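Take a look at the structure below.
Because the structure is a prediction, the values reported are computed rather than measured. To find a chain, count down the sequence lines: A is the first, B the second, and so on, and within it residues start at 1.
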Amino acid sequence: MRWSRYFWYTSKEEPAEAQSPSHRLLLKGGFIKQVSAGIYEFTPPGLRVLRKIENIVRKEMDRSGAQEVLLSVLNPAELWKETGRWELYGRELFTLKDRNGRDYCLGPTHEEEITDLVRSYVNSYRQLPLILYQIQVKFRDEKRPRFGLIRAREFIMKDAYSFDTDEFSAMLSYETVKFAYERIFKKLRLKTLMAQASVGAIGGISSHEFVVLTDYGEARVAYCEGCGYCANAEIVSLKKPQEEQEEEKLLQEVHTPGTDTIEKLASYLGVPARKIIKAVLHIVNESKPVMFLIRGDRAVDENKVEAVLGTENFRLAEDKEVYELLKTTKGFIGPFNLPPSVEVYWDNSTYGIKNAVIAFNKPDYHYINANPGRDFKQEKFVDVCQVEEKDPCPQCGAPLKVSRGLEVGHIFLLGTRYSEPMKAFYKDAQGQEKPIIMGCYGIGISRCVSAVVEQYHDEKGIKWPTTVAPFELDIICVNPSDQEQKEVSEKLYMLAQEHGIETIYDDRDESPGFKFADADLCGFPYRLVVGKKVKEGKVELQNRHTGERIDLDIDRAVEEAKKLIEEDKK
RNA sequence: CGGGGUGUGGCUCAGGUGGCAGAGCGUCGGCUUCGGGAGCCGAAGGUCAGGGGUUCAAGUCCCCUCACCCCGACCA
């Protein structure tokens with residue numbers, strides 16, 4: 001491709017709206033263009049990257065025995081009503097009506113459609129197992145799209161679905177896709193962790209996430225370098241700690257004016273936050289008050305709260321509600337003299353604490369030296385504590401590491417969540433009708449574009465791995481008005497194409513610095529610089545990843561580049 | 001959905017106390033230059049997000065709406 005004729009425009013200015021490196025560099029490098037919040041267009045080079053990722057995914061899925069289909073984007077409401085998700089999916093579903101007033105949605109995921117497709121053809125155990133997949137656009141009306149392609153409202157996803165006769169067979173399908181995913185991310189050069197995950201809104205039995213460690217992910221992953229345990233932080237269980245060994249001191253009521261936060265209270269009393277018991281009041285289903293008590297230095301994990309309460313319909317109590325129920329204000333809530341409507345849970349972190357600071361619903365006062373058993377009762381213990389670095393690994397007890405991560409893949413063993421309500425049944429060898437056991441498996445293709453940039457960039461720009469680079473080789477003619485340089489560049493460009501190297505030839509009439517800067521920004525793994533050294537019969541081959549530069553004889557240059565590129569792609 | 005912020009040329013931004021709409025980059029024409037986003041000369045380019053209000057006069061002050069970005073809770 002000759003850059004002078006190519007639809008590719010980079011920017012010298014930093015895009016004002018972008019924060020994360022991938023968002024910033026993809027915009028600045030002219031790979032994507034924003035249309036609206038969470039909606040992006042791909043330019044020719046951006047699309048080249050996307051297609052390469054798609055093709056890697058496609059190849060590995062095919063290799064695992066999955067078969068590609070293409071489902072509809074515009075989905076009639078009827079199917080979604082069969083599974084109840086027309087209502088359950090909520091406001092994240094983009095919905096619309098046709099001219100006759102019939103309801104549709106733009107598919108955010110395709111369990112309903114694929115189940116409908118399969119049930120219309122499959123009715124015997126002889127037709128199973130089966131894995132189908134597609135690579136297609138998805139729509140989700142996200143509450144907060146952000147970081148460019150990382151969380152978009154319109155995005156490209158590879159979604160696969162498995163259909164089996166029984167759980168054992170389903171588990172095999174699950175493992176098959178899991179292995180395919182490992183190969184895919186390896187080929188994309190993405191360093192991922194595979195984390196145990198909660199099944200969430202899609203529903204199901206078992207689930208793993210493939211997570212890229214970056215600062216701009218929204219998942220928190222806890223992992224253990226000792227035993228290899230790795231899980232989404234929201235499902236890591238924290239047990240009761242050892243009982244503290246301390247002599248119980250005399251309970252005292254202390255005046256603590258204005259200490260409405262743990263920080264203020266800790267510094268006012270001169271005690272560490274871990275010696276404070278904090279109380280958090282939630283309102284469940286807009287009616288029931290529930291109090292959680294947790295150690296002062298720890299945070300409540302709302303996902304765990306959801307698991308304890310069995311509903312996502314809860315929120316923190318407002319000041320007014322706190323006053324009506326407990327006649328106190330935030331910061332002075334405690335588990336004493338409560339109205340019977342208030343349910344109390346103690347987080348495991350509060351177990352065995354000695355001489356603690358705790359509030360008792362009297363504004364501006366706390367108890368000090370409060371001790372469980374003697375001064376208050378702890379009945380129901382639960383685990384609602386947000387996992388943090390150095391917490392013990394639930395498997396081996398070694399200190400955990402915690403990182404922000406970006407979820408690029410997710411696999412679920414669904415069971416009969418969709419086949420049962422949609423009556424996707426098969427007949428077994430005995431003629432018995434049974435629901436198909438399903439699994440579903442996603443990879444965020446467009447998100448992977450960002451994930452790669454997050455892992456491969458420096459202050460100058462992107463450093464594409466050769467397997468996904470828009471072009472493998474950039475030929476720069478330093479001075480196109482120099483006849484000799486021009487001729488050599490043209491010759492090398494032709495030769496590179498003959499060798500099957502994906503080449504962009506920067507023949508633009510721009511200054512050398514301009515072209516070098518673009519090459520760094522756009523991240524081609526290899527760069528052939530045709531400059532004044534042609535007089536000595538040499539050109540320079542540069543490696544974007546290592547920064548290495550070597551002078552090569554003109555006739556050897558392309559072969560040499562080819563060798564390195566092939567090596568990278570292995 | 002809660003909290004914070006920003007909307008001025010294609011892009012990045014400046015425009016105290018109301019008084020002729022600006023710069024740099026980019027674009028177009030010309031000259032010069034060529035190993036790290038070159039230099040000089042000239043030109044085009046604006047519904048100041050939209051609507052309403054105050055005023056002799058609004059980019060600037062007030063009200064409403066919209067869009068986008070950031071922080072939190074949720075998805076690949």
Side-chain angles (χ1 to χ4, degrees), chain A residues 9-20 23 27-28 30 33-39 57 89-93 108-109 135-160 181 197-198 200-202 209-212 217-219 232 234 299-303 305-306 312 314-316 318 405-412 440-451 460-461 476-482 485-486 508-521 527 529-534 539-540 542 549:
Chain A
Y9 302 98
T10 60
S11 162
K12 196 166 154 181
E13 302 287 350
E14 290 294 330
E17 74 272 20
Q19 274 295 305
S20 68
H23 191 195
L27 283 173
K28 192 176 178 203
K33 155 97 168 62
Q34 181 171 20
V35 177
S36 176
I39 304 178
V57 171
Y89 214 92
R91 305 226 288 146
E92 216 161 275
L93 201 60
T109 174
I135 294 175
Q136 205 205 43
V137 64
K138 296 277 184 277
F139 293 88
R140 293 183 190 174
D141 198 356
E142 293 283 346
K143 284 170 213 155
R144 184 150 100 86
R146 61 171 169 167
F147 302 147
L149 303 179
I150 287 178
R151 193 188 326 175
R153 294 193 296 169
E154 175 180 332
F155 60 99
I156 309 289
M157 179 159 125
K158 187 285 306 172
D159 47 326
Y181 275 27
S198 78
I202 290 183
E209 290 169 353
F210 289 80
V211 178
V212 169
E218 59 289 273
N232 190 307
E234 71 198 39
V300 171
D301 185 324
E302 304 226 325
N303 292 296
V305 171
E306 185 180 329
E312 55 182 323
F314 62 86
R315 55 174 175 80
L316 283 176
E318 285 163 16
L406 177 58
E407 189 183 328
V408 288
H410 202 155
I411 59 180
F412 296 88
C440 74
Y441 316 89
I443 289 180
I445 302 273
S446 45
R447 178 180 279 185
C448 280
V449 176
S450 287
K460 288 180 178 170
I476 292 182
C477 182
V478 173
N479 181 3
S481 50
D482 177 305
Q485 288 186 24
K486 181 89 180 166
R508 294 175 298 177
D509 190 16
E510 296 286 354
S511 71
F514 184 97
K515 289 184 273 199
F516 288 135
D518 260 0
D520 289 333
L521 173 63
R527 178 189 322 175
V529 181
V530 182
K532 51 194 173 195
K533 278 178 273 187
V534 289
V539 289
E540 189 177 282
Q542 299 185 7
R549 302 170 177 207

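Under a 3.5 Å cut-off, the side chain of A:Arg151 and the backbone N or O of A:Arg144 do form a donor-acceptor pair. When atom types are taken as modelled, the side chain of A:Lys533 and the backbone of A:Glu540 share no donor-acceptor pair closer than 3.5 angstrom. Looking only at distances, no side-chain donor or acceptor of A:Lys138 sits under 3.5 Å from a matching main-chain atom of A:Lys158. Judged purely by atom type and a 3.5 angstrom limit, A:Arg447 uses its side chain to pair as donor or acceptor with the backbone of A:Ile150. Here the side chain of A:Gln485 pairs a donor or acceptor atom with the backbone of A:Asn479 at under 3.5 angstrom.
The aromatic ring of A:Phe516 is stacked on the base of B:rG36, with the two ring centres less than 5.5 Å apart and the planes inclined by under 30°. In this structure, the aromatic ring of A:Phe155 is positioned over the six-membered ring of the base of B:rA76, centres within 5.5 Å and planes within 30°.
Counting non-hydrogen atoms under 4.0 angstrom, A:Gly409 reaches the backbone sugars and phosphates but no base. Looking at heavy-atom distances under 4.0 Å, A:Arg527 makes contact with a base. Among the atoms of the strands shown, only primed sugar atoms or phosphate atoms (P, OP1, OP2) are found under 4.0 Å from some heavy atom of A:Glu17. Residue contacts for A:Ala18: at a heavy-atom cut-off of 4.0 Å it reaches no nucleic acid atom on any strand shown. Nucleic acid contact for A:Glu209: none, since no nucleic acid atom lies under 4.0 Å from a heavy atom of the residue. A:Lys533 comes within 4.0 angstrom of a nucleotide base, judged by non-hydrogen atoms across all strands. Across all strands, A:Val478 comes closer than 4.0 Å to base atoms (heavy-atom distances). At the heavy-atom level, A:Gln542 lies under 4.0 Å from base atoms of the strands shown. Using a 4.0 Å heavy-atom cutoff across all strands shown, A:Ser481 reaches at least one base atom of the nucleic acid. Contacts of A:Tyr181 with the nucleic acid, taken as non-hydrogen atoms under 4.0 Å apart, are absent.
If you take CG of A:Leu93 and P of B:rA76, they are 15 Å apart, rounded to a whole angstrom. Rounded to whole Å, atom P of B:rA76 lies 18 Å from atom CZ of A:Arg153. The nearest whole Å value for the distance from the NZ atom in A:Lys143 to the P atom in B:rG2 is 12 Å. Atom P of nucleotide B:rG36 and atom CG of A:Asn479 are separated by 12 Å, given to the nearest angstrom.
For the P atoms, the distance from B:rG30 to B:rC66 is 49 Å, rounded to whole Å. B:rC25 and B:rA38 have their P atoms separated by 11 Å, given to the nearest Å. For the P atom pair drawn from B:rU60 and B:rU6, the interatomic distance equals 15 Å after rounding to whole Å. The P atoms of B:rG9 and B:rG51 are separated by 16 Å, rounded to the nearest whole Å. As rounded to the nearest Å, B:rA58 and B:rG18 have C1' atoms that lie 6 Å from one another. To the nearest whole angstrom, the two P atoms, one in B:rU32 and one in B:rG37, are 22 Å apart. With both ends at atom P, the span from B:rG46 to B:rC11 equals 13 Å, rounded to whole Å. Across B:rG42 and B:rA49, the matching C1' atoms stand 33 Å from one another, rounded to whole Å.
Across all strands shown, nothing is found opposite B:rA58 as a Watson-Crick or G-U wobble partner with both distances under 3.5 Å. Searching all strands for a Watson-Crick or G-U wobble partner of B:rC40 with both distances below 3.5 Å returns B:rG30. If you check B:rU6 for Watson-Crick or wobble pairing at under 3.5 angstrom, you find it paired to B:rA67. Base pairing annotation: B:rA23 forms a Watson-Crick or G-U wobble pair with B:rU12, both donor-acceptor distances under 3.5 Å. Within the shown strands, nothing qualifies as a pairing partner of B:rU17 under the Watson-Crick or G-U definition with both distances less than 3.5 Å. Partner assigned to B:rC48 is none, using Watson-Crick or G-U wobble distances below 3.5 angstrom.
Of the candidates B:rC25, B:rG36, B:rA76, the closest approach to any side-chain atom of A:Met157 belongs to B:rA76. Closest to the A:His410 side chain, of the nucleotides B:rA76, B:rC34, B:rG37, is B:rA76. Distance from the side chain of A:Arg146 is smallest for B:rG72 among the nucleotides B:rG35, B:rA76, B:rG72. With B:rC1, B:rC34, B:rG37 as the choices, the nucleotide that has an atom nearest any side-chain atom of A:Lys28 turns out to be B:rG37. If you check B:rC74, B:rC70, B:rG36 against the side chain of A:Gln19, the one that comes closest is B:rC70. Taking only side-chain atoms of A:Ala37, from C-beta outward, the nucleotide of B:rU12, B:rC1, B:rC68 with the closest atom is B:rC68. Distances were taken from every side-chain heavy atom of A:Phe147 (C-beta onward) to each of B:rC70, B:rC68, B:rC34; the shortest belongs to B:rC70. Minimum atom distance to the side chain of A:Glu13 is reached by B:rC11, of the listed B:rG37, B:rA76, B:rC11. Nearest to the side-chain atoms of A:Asp520 among the listed nucleotides B:rG37, B:rC34, B:rG36 stands B:rG36.
OP1 or OP2 of B:rC74 has not a single side-chain nitrogen or oxygen of A:Arg91 nearer than 4.0 Å. Residue A:Arg315 places no side-chain N or O under 4.0 Å from the OP1 or OP2 atom of B:rG72. For B:rC71, the OP1/OP2 oxygens have a side-chain nitrogen or oxygen of A:Arg144 closer than 4.0 Å. Distances shown here put a side-chain N or O of A:Asn303 below 4.0 Å from the OP1 or OP2 atom of B:rC74. The side chain of A:Gln34 places an N or O atom within less than 4.0 Å of a non-bridging phosphate oxygen (OP1 or OP2) of B:rC69. The side chain of A:Ser11 contributes no N or O atom lying less than 4.0 Å from OP1 or OP2 of B:rG26.
Residues A:Gln34 and A:Ser36 come closest through the heavy atom pair NE2-O, 3.1 Å. When all heavy atoms are compared, the tightest approach of A:Lys486 to A:Pro480 is CD-O, 3.6 Å. Shown here for A:Tyr181 and A:Tyr441, the closest heavy-atom pair between the two residues is OH-C, 3.1 Å.
No hydrogens or angles were tested; on distance alone, a donor-acceptor pair under 3.5 Å links the side chain of A:Glu540 to the base of B:rG35.
Annotation: of the two residues near RNA chain B, A:Tyr89 and A:Arg508, the 5′-most nearest-nucleotide partner is A:Arg508. Positionally, the nearest nucleotide of RNA chain B for A:Pro480 lies more toward the 5' end than for the other of A:Pro480 and A:Ile445.
Once rounded to the nearest 0.5 Å, the distance linking CE of A:Met157 with CD1 of A:Ile445 reads 9.5 Å. A distance of 8.5 Å separates OG1 in A:Thr10 from NZ in A:Lys28, rounded to the nearest 0.5 Å.
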